[in-house]
Amino acid sequence: GNSVTQMEGPVTLSEEAFLTINCTYTATGYPSLFWYVQYPGEGLQLLLKATKADDKGSNKGFEATYRKETTSFHLEKGSVQVSDSAVYFCALIQGAQKLVFGQGTRLTINP
Amino acid sequence: DTEVTQTPKHLVMGMTNKKSLKCEQHMGHRAMYWYKQKAKKPPELMFVYSYEKLSINESVPSRFSPECPNSSLLNLHLHALQPEDSALYLCASSQDQTGTYGYTFGSGTRLTVV
């Protein structure tokens with residue numbers, strides 16, 4: 001079945017550091033890929049998405065590129081802020097099947 | 001309106017109580033979902049409604065009973081819950097069940113069973 005593997009956290013960075021959170025997936029065919037963010041005490045927010053190979057999703061300074069050849073969708077941001085502290089979930093969906101989440105990566109940004 | 005609204009935000013209930021969680025969206029989405037999320041874990045799917053019909057039940061105990069009165073509303077009726085059912089309950093919606101463009105999640109109901 002389909003699956004998503006994220007880098008284990010927690011990840012702690014200083015403000016203005018470069019961020020990468022790795023995500024790889026296993027799926028037959030061409031799933032849609034997503035990054036969701038969950039701030040403390042809140043629900044999930046869709047951060048960005050990509051629906052086909054080589055698509056780049058971007059939002060709020062975050063980017064991720066759908067790489068079919070490496071089955072990856074790594075999340076990057078050039079300069080993180082304290083307000084980016086949250087849990088980040090990589091996810092995929094294919095057809096009318098359910099949304100499959102990675103285990104989540106907790107990110108803490110120190111001032 | 002681009003939101004999914006869940007009420008209440010917090011709920012404390014006894015094991016003999018009956019309560020309901022409510023979810024509402026006005027984006028014209030035709031698929032709606034209930035998820036359960038325990039601390040430090042990803043959300044787990046409970047139920048899927050597609051065009052107001054239950055299409056997926058992930059073997060959820062019968063003490064959880066979903067209802068979709070119309071295309072904008074989704075309820076989750078709770079009865080005789082156990083302490084281990086304490087969790088964050090999230091509602092979500094998508095344009096259709098393919099979910100190709102992503103789900104919109106509500107902010108959740110934090111449920112504590114005492």
Side-chain angles (χ1 to χ4, degrees), chain A residues 1-11 21 23 25 27 29-53 55 57-59 64 66 73 86-108, chain B residues 2-10 21 23-25 27 29-51 53-60 87-111:
Chain A
N2 295 344
S3 66
V4 175
T5 303
Q6 283 182 242
M7 66 184 288
E8 298 220 3
V11 173
I21 301 178
C23 171
Y25 67 90
Y30 298 89
S32 293
L33 302 174
F34 310 93
W35 277 100
Y36 284 88
V37 58
Q38 186 171 31
Y39 297 103
E42 297 186 12
L44 276 69
Q45 297 178 24
L46 179 62
L47 181 59
L48 52 84
K49 64 179 183 285
T51 58
K52 61 183 187 296
D55 268 1
S58 61
N59 186 25
Y66 190 143
F73 193 55
V87 179
Y88 292 80
F89 292 98
C90 186
L92 70 79
I93 196 164
Q94 188 166 23
Q97 299 176 31
K98 60 184 181 181
L99 189 61
V100 177
F101 288 97
Q103 286 302 303
T105 302
R106 183 172 299 274
L107 173 67
T108 301
Chain B
T2 58
E3 289 187 346
V4 172
T5 303
Q6 289 188 245
T7 56
K9 291 195 181 301
H10 301 274
L21 309 184
C23 173
E24 190 168 3
Q25 58 88 14
M27 295 176 282
H29 288 177
R30 302 314 301 268
M32 296 185 76
Y33 311 82
W34 280 115
Y35 280 84
K36 173 183 177 180
Q37 187 180 25
K38 301 285 268 186
K40 299 186 179 182
K41 295 290 186 183
E44 298 175 11
L45 182 65
M46 300 175 72
F47 302 104
V48 179
Y49 273 83
S50 180
Y51 290 85
K53 291 189 181 344
L54 182 65
S55 65
I56 296 177
N57 176 343
E58 290 283 307
S59 303
V60 178
L88 180 67
Y89 288 84
L90 294 165
C91 175
S93 69
S94 63
Q95 287 184 351
D96 57 36
Q97 198 174 334
T98 66
T100 302
Y101 300 102
Y103 293 9
T104 302
F105 283 84
S107 57
T109 294
R110 189 161 298 281
L111 174 67

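To find a chain, count down the sequence lines: A is the first, B the second, and so on, and within it residues start at 1.
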Is it the case that the side chains of B:Gln25 and B:Thr104 hold a donor-acceptor pair, with the cut-off being a distance below 3.5 Å and no angle test?
no

Among A:Gln94, A:Gln38, A:Arg106, A:Glu42, single out the residue with the greatest number of heavy-atom pairs under 4.5 Å to chain B.
A:Gln38

CD1 on A:Ile93 to CZ on A:Phe101, rounded to 0.5 Å
9.0 Å

Side chains of A:Gln6 and A:Thr105: is there a donor and an acceptor less than 3.5 Å apart?
yes

Are a donor atom and an acceptor atom from the side chains of A:Tyr66 and A:Ser32 found within less than 3.5 Å of each other?
no

Which atoms of B:Glu44 are under 4.5 Å from chain A, going by heavy atoms: the side chain, the backbone, both sets, or neither?
neither

Turns out that what part of A:Gln45 lies under 4.5 Å from chain B's heavy atoms comes down to neither

With a 4.5 angstrom heavy-atom cut-off, which part of A:Gln103 approaches chain B: side chain, backbone, both or neither?
both

May I ask you to decide if the ring planes of B:Phe105 and B:Tyr35 are parallel, tilted or perpendicular, using 30° and 60° as cut-offs?
tilted

Which answer fits B:Glu58, side chain, backbone, both or neither, if we ask what part of it has an atom under 4.5 Å from a heavy atom of chain A?
side chain

Pick one of side chain, backbone, both or neither for A:Leu99, based on which atoms fall under 4.5 Å of a heavy atom in chain B.
both

For A:Cys23 versus A:Val4, what's the shortest heavy-atom pair and its separation?
SG-CG1, 3.6 Å

Quick check on A:Tyr36 against chain B: is it the side chain, the backbone, both or neither that has a heavy atom closer than 4.5 Å?
side chain

